[in-house]
Protein chains: 2
Amino acid sequence: MLLSKATPKSERKKALDEYILKKRLKSTKQRDIIFDEFFNYPGQHVTVEELYEKLKKQNPKIGYATVYRTLKLFKECGLAFERNFGDGRARYEPVKFEGEHHDHLICIGCGRIIEFANLRIEQYSRGVAKLNDFEVLNHKLELYGYCSSCTRGRDK
Amino acid sequence: MLLSKATPKSERKKALDEYILKKRLKSTKQRDIIFDEFFNYPGQHVTVEELYEKLKKQNPKIGYATVYRTLKLFKECGLAFERNFGDGRARYEPVKFEGEHHDHLICIGCGRIIEFANLRIEQYSRGVAKLNDFEVLNHKLELYGYCSSCTRGRDK
DNA sequence: CACAAATTGAAATTCAATATCAATATTACA
DNA sequence: TGTAATATTGATATTGAATTTCAATTTGTG
Ligand SMILES: [Mn+2]
Ligand SMILES: [Mn+2]
Ligand SMILES: [Zn+2]
Ligand SMILES: [Zn+2]
């Protein structure tokens, strides 16, 4: 998963500030707080609810809608990916470096998610697109199954 | 997309009847009607709502919940796939032959969907899974972008 | 400071998915 | 064939995440 050095947080903050300037949005302390929490969040693929609950501990007045809107903002300006692993809730994760792409192995036993990037797969995907005269902007590959610990502890 | 001969409708009906028998469910005329409509539906990837609207024309008394439940039943017994292309509504499509798998190119301009199957991609996916000690049961590959007609008519 | 414009947070709304439940249909079997 | 047990149906209600609304507040610009 380490194909390139991760963008430092300071640089991401700069990118956000630039986006805010460009779009004539405003800098607010809520956005700063959510920025800090999101880019320091320990787990991967956090839901709005999860981040909101975490934030409330230090900032009881923050609103769910603000967290929701701010994560969308991060996505808009290319700082976050929105993911949907089929459990009916959107999840967000930081873009680790510019132009990054990765896919997911998802354990249907314990929910564990493993990230991977495979150049071959990307390559063949592009081939399929060209064959069909498609201009592909992004793609999503998800492998669902059981991780090693879940396979072991399973009947059959 | 034609890797094998499509299962004839009669055989699918038999599969459904067997499933119903095995699970001690009941044969009903609603299920028969929905079966016929679903496996003859002209478009691909139909939503519950769409199929329901179609059915209502000939069968005004049929309920939405019945269509919903019956499509889930088809999925359960392996006769249908449930898809989610990110527009917030589940879509269903017939399984064309036993063990079939295919993926999708999705046009974000006009909604056109092109199906494909690529053995290389499958192969590398298995490789990734093995590398991570994962037992993969199914996977999903979606390529999002613009189809040829949408690329043409687009500014830049 | 004053104005315009964006943001916030609580609450309301939306909408697909799913559950509820009384009426009805199907099946098993006496 | 009749009857009881069980599953299904369809109208309606509920759920839950996503999104919108809106009055109060904050921010950026001069
Ligand atoms: Mn990820
Ligand atoms: Mn398909
Ligand atoms: Zn697991
Ligand atoms: Zn198109």
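It should be emphasised that the depicted structure is a prediction, and the values quoted were computed from it without experimental measurement. Only heavy atoms go into these numbers, but all of them, side chains included; no hydrogens, no water, no symmetry mates. Naming convention: chains lettered A, B, ... in sequence-line order (proteins, then strands); numbering from 1 in each chain.
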Rounded distance in Å - [atom1] ([X]) to [atom2] ([N]):
{"X": "A/L73", "N": "D/dT19", "atom1": "CG", "atom2": "C1'", "result": "16 Å"}
{"X": "A/L71", "N": "D/dA17", "atom1": "CG", "atom2": "P", "result": "16 Å"}
{"X": "A/Y92", "N": "D/dA17", "atom1": "OH", "atom2": "P", "result": "14 Å"}

(message) With heavy atoms of chain B within less than 4.0 Å as the criterion, where does contact along DNA chain C begin and end?
(response) C/dA16 to C/dT27
(request) Consider only side-chain N and O atoms of A/E76 and A/Y19, and report whether a donor and an acceptor are under 3.5 Å apart. (result) yes
(request) Verify whether one side chain among A/Y52 and A/E50 offers a donor that lies under 3.5 Å from an acceptor in the other. (result) no
(request) Have a look at the helix from C/dC1-D/dG30 to C/dA30-D/dT1 and give the angle its two end axes make, five pairs each, rounded to 10 degrees. (result) 30°
Compute the ring centroids of [X] and [Y], then answer whether they are less than 6.0 Å apart.
{"X": "B/F85", "Y": "B/H104", "answer": "yes"}
{"X": "B/F74", "Y": "B/F39", "answer": "yes"}
{"X": "B/H45", "Y": "B/Y92", "answer": "no"}

(message) Is it the case that over 12 heavy atoms from other parts of the model lie below 6.0 angstrom from the NZ atom of B/K14?
(response) no
(message) Walk along nucleotides 7-16 of chain D from 5' to 3' and tag each nucleotide B, S or - by protein heavy-atom contact under 4.0 Å, base first, then sugar-phosphate.
(response) SSBBB-----
(request) Please name the pair of heavy atoms, one in A/D17 and one in A/S27, separated by the smallest distance, quoted to 0.1 Å. (result) OD1-OG, 4.5 Å
